[in-house]
Amino acid sequence: MLAFVPAFTLAAFWFGGETALVVAALLYPLVLMILRGPTSAAETASHDPAKDSSSRAGLLRALDKMLADAANKQTAVFVLCFDDFRALSDRLGAERRADLSRRIMDRLAATLRADDMLVPLDEARCAIALSPVRVFDLELAIQFAVRLQSALEEPFSVDAGYVYVSTSIGFCTEARMPRRNAKEFLDAAERAGADAALHGPSAIRAFTSDMQAVLRDHHELADEVGAALENGQITAWFQPQINTSTGHVSGFEVLVRWHHPKRGIIAPGLFLPAIAQAGLLERLGEVMLFQALTALQSWDQAGYTVPSIGVNFSQDELGNPKLIDKIKWELDRFEIDPPRLSVEILETVVTQSDDDVVTRNIAALAQLGCGIDLDDFGTGHASISSIRRFDVSRIKIDRSFVMQVDRDEAQQKMIGAILSMADRLGLETLAEGVETIGEHAMLAQLGCDHIQGFGLARPMPFEKTGPWMDSHLEKIGPQVQLGLRRG
């Protein structure tokens with residue numbers, strides 16, 4: 001029967017060949033119907049898969065029955081984790097959120113057969129259990145996951161705008177099930193879904209035995225993260241930014257690190273999802289802002305010249321109606337002038353925001369005098385009108401444009417175009433991810449105002465920043481002039 005499925009589908013998924021994968025995904029319903037056998041029109045008309053089971057408990061009962069009855073047939077369970085759905089929900093409000101959730105489920109239900117089950121697990125996740133077929137292997141599972149993602153590709157109309165929803169998907173086939181019972185089956189799919197969400201957006205992961213240990217570690221970190229944030233294990237580290245004309249420090253960016261008592265230094269990618277899931281992003285932001293302003297005040301008292309410090313602000317923080325009052329209070333407490341605080345926001349925050357709390361907060365921060373840095377510029381969909389509307393003062397060019405810029409003519413043209421646009425709009429520029437002397441020199445020659453990256457210095461704890469600045473000043477000397485100065 002699998003002769004109907006192109007053999008290259010799995011290879012296309014891992015190594016490219018998107019067209020082949022899409023074609024294979026479109027053939028999925030035909031192949032599955034052949035494997036399963038015919039379904040009557042009456043059966044289809046009288047059955048609504050979206051209402052097949054309304055709870056996790058109901059799904060487990062149905063799965064147990066499937067496993068007991070499915071002699072010589074196979075099934076699979078899929079868990080869909082909607083990417084960034086919590087932030088999306090916060091912006092929409094309860095009524096529009098409920099309507100969007102219903103429409104998402106309707107679209108997914110339209111991809112299923114009569115006996116398949118679609119069950120919401122929580123606001124940001126749902127599970128699908130497929131009724132058994134004669135053969136259901138990894139290749140067919142991947143095709144089906146792609147089909148589910150394709151069902152959500154078209155934007156949803158909400159009020160006068162559009163909302164884009166993507167999903168990361170984990171699945172477990174019957175052949176990979178840890179033990180033959182419904183709970184283990186669903187747990188395995190959820191583990192795969194959690195792994196997909198960690199690597200998303202739009203990731204697809206099949207359950208493997210190796211996931212057990214990885215996700216156990218993730219759950220342990222999730223259990224500890226709240227206490228770590230309050231007891232000082234999670235702290236601000238600092239990466240210097242350099243003015244390409246003078247060579248002097250033009251600022252530091254604040255980055256978060258977790259100094260775990262047993263595991264050592266943990267990178268943010270491993271614990272930030274746990275902080276988000278625990279609803280602690282705003283609390284993390286408060287801790288990072290406090291430590292950033294403490295560092296700036298300490299450098300001033302020690303006689304170091306650090307013009308500004310950049311702090312990343314999440315969607316959760318920017319959506320807080322009391323954000324401006326909190327920042328004003330902190331700046332007054334530390335006696336820091338607002339222009340010395342650079343508020344770093346992602347392009348995705350800018351493009352997802354219209355006339356809402358986020359928009360008003362960013363505009364108010366700019367009016368207060370804070371610098372507005374647009375982070376990872378070039379990787380999202382921010383328009384020039386968005387840049388102007390939020391009064392962005394500096395764009396941070398993503399490292400993907402910086403890599404090998406000294407040797408790649410196409411990269412040079414791209415960077416040159418970005419710098420030219422910034423110049424015409426009166427924006428400062430900073431290139432991230434600078435790792436070599438050649439990249440540094442070329443960026444200075446092209447007229448990029450500031451740079452940061454491992455080639456200059458890695459992020460460091462506060463106590464190492466003073467010695468690093470002393471060493472850096474000795475290296476550059478008192479009368480350094482590098483590169484071009486636009487203006």
Side-chain angles (χ1 to χ4, degrees), residues 84 86-87 191 194-195 197-200 211-241 251-299 301-302 304 306 309-320 322-323 326-327 329-331 333-334 336 341-346 375 432 452-454 457-469:
D84 298 323
R86 183 172 178 271
R191 290 189 186 102
D195 188 70
L198 288 173
H199 294 86
M211 285 183 182
Q212 301 266 20
V214 173
L215 290 172
R216 190 182 307 117
D217 286 347
H218 173 69
H219 292 317
E220 288 176 1
L221 292 180
D223 292 339
E224 299 175 30
V225 73
L229 189 56
E230 297 305 327
N231 66 21
Q233 291 179 15
I234 296 178
T235 61
W237 281 34
F238 304 86
Q239 187 173 34
Q241 299 164 339
F252 279 86
E253 179 182 4
V254 174
L255 301 166
V256 63
R257 295 291 185 272
W258 182 354
H259 192 174
H260 194 280
K262 295 181 179 178
R263 304 178 187 223
I265 302 300
I266 302 178
L270 297 177
F271 65 86
L272 282 181
I275 286 183
Q277 289 168 12
L280 293 172
L281 283 176
E282 278 197 72
R283 177 56 184 153
L284 175 65
E286 292 172 353
V287 171
M288 292 299 103
L289 180 62
F290 175 83
Q291 294 188 17
L293 297 181
T294 299
L296 203 54
Q297 186 182 67
S298 299
W299 291 324
Q301 293 170 352
Y304 293 109
V306 180
I309 193 159
V311 180
N312 292 276
F313 281 71
S314 69
Q315 183 94 26
D316 284 21
E317 294 173 272
L318 292 169
N320 183 349
K322 298 181 179 179
L323 176 66
K326 289 169 61 175
I327 291 181
W329 190 86
E330 292 288 357
L331 290 172
R333 177 158 69 124
F334 285 94
I336 301 293
L341 174 64
S342 291
V343 176
E344 301 203 3
I345 59 176
L346 292 170
D375 205 1
E432 300 180 284
Q452 75 179 83
F454 286 0
R458 290 177 176 270
M460 63 191 81
F462 172 76
E463 59 269 19
K464 292 188 177 181
T465 57
W468 183 88
M469 283 190 281

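Side chains of F238 and W299 form a contact here, defined as non-hydrogen atoms less than 4.5 Å apart. With a 4.5 Å cut-off on side-chain heavy atoms, F271 and I234 count as touching. The closest side-chain heavy-atom distance from V254 to E344 is not below 4.5 Å. The side-chain heavy atoms of F252 and M469, taken from C-beta on, include a pair separated by under 4.5 Å. Counting heavy atoms from C-beta outward, I336 and L341 have side chains that stay 4.5 Å or more apart. The side-chain heavy atoms of L272 and V256, taken from C-beta on, include a pair separated by under 4.5 Å. In this structure, F290 and R333 have side chains that are in contact, with non-hydrogen atoms separated by less than 4.5 Å. In this structure, the side chains of V306 and T465 stay at 4.5 Å or more apart for every pair of heavy atoms.
Residues in residues 280-293 take part in these side-chain hydrogen bond (donor to acceptor under 3.5 Å, both in side chains) pairs, two or more places apart or across chains: E230-R283, E282-N320, R283-E286, E286-K326. The side-chain hydrogen bond (donor to acceptor under 3.5 Å, both in side chains) pairs that include a residue from residues 261-273 are E220-R263, where partners are two or more places apart or lie in different chains.
Atom CG of L289 sits about 9.0 Å away from atom OG1 of T294, to the nearest 0.5 Å. In this structure, H260 NE2 and I265 CD1 are separated by 11.0 Å, a value rounded to the nearest 0.5 Å. Remark: L323 CG to F313 CZ distance equals 6.0 Å, nearest 0.5 Å. M460 CE to R257 CZ: the interatomic distance, rounded to the nearest 0.5 Å, is 11.5 Å. One distance of note links CG of L229 with CG of L281; it measures 10.0 Å at 0.5 Å rounding. Considering CG of L346 and CD of Q315, their distance stands at 9.5 Å, rounded to 0.5 Å.
Here the side chain of Q239 pairs a donor or acceptor atom with the backbone of A457 at under 3.5 angstrom. Side-chain N or O atoms of E317 include one that pairs as donor or acceptor with a backbone N or O of S314 at under 3.5 Å.
Annotation for D195 and H199: closest pair O-ND1, 2.8 Å, computed over non-hydrogen atoms. Residues W237 and P459 approach most closely at CE3-O, 3.4 Å, considering heavy atoms. The minimum heavy-atom distance between G226 and L280, with the atom names listed, is CA-CD1, 3.8 Å.
Residues that satisfy the side-chain contact (heavy atoms from CB on, under 4.5 Å) test with Q233, not counting sequence neighbours, are A228, N231, W258, P261.
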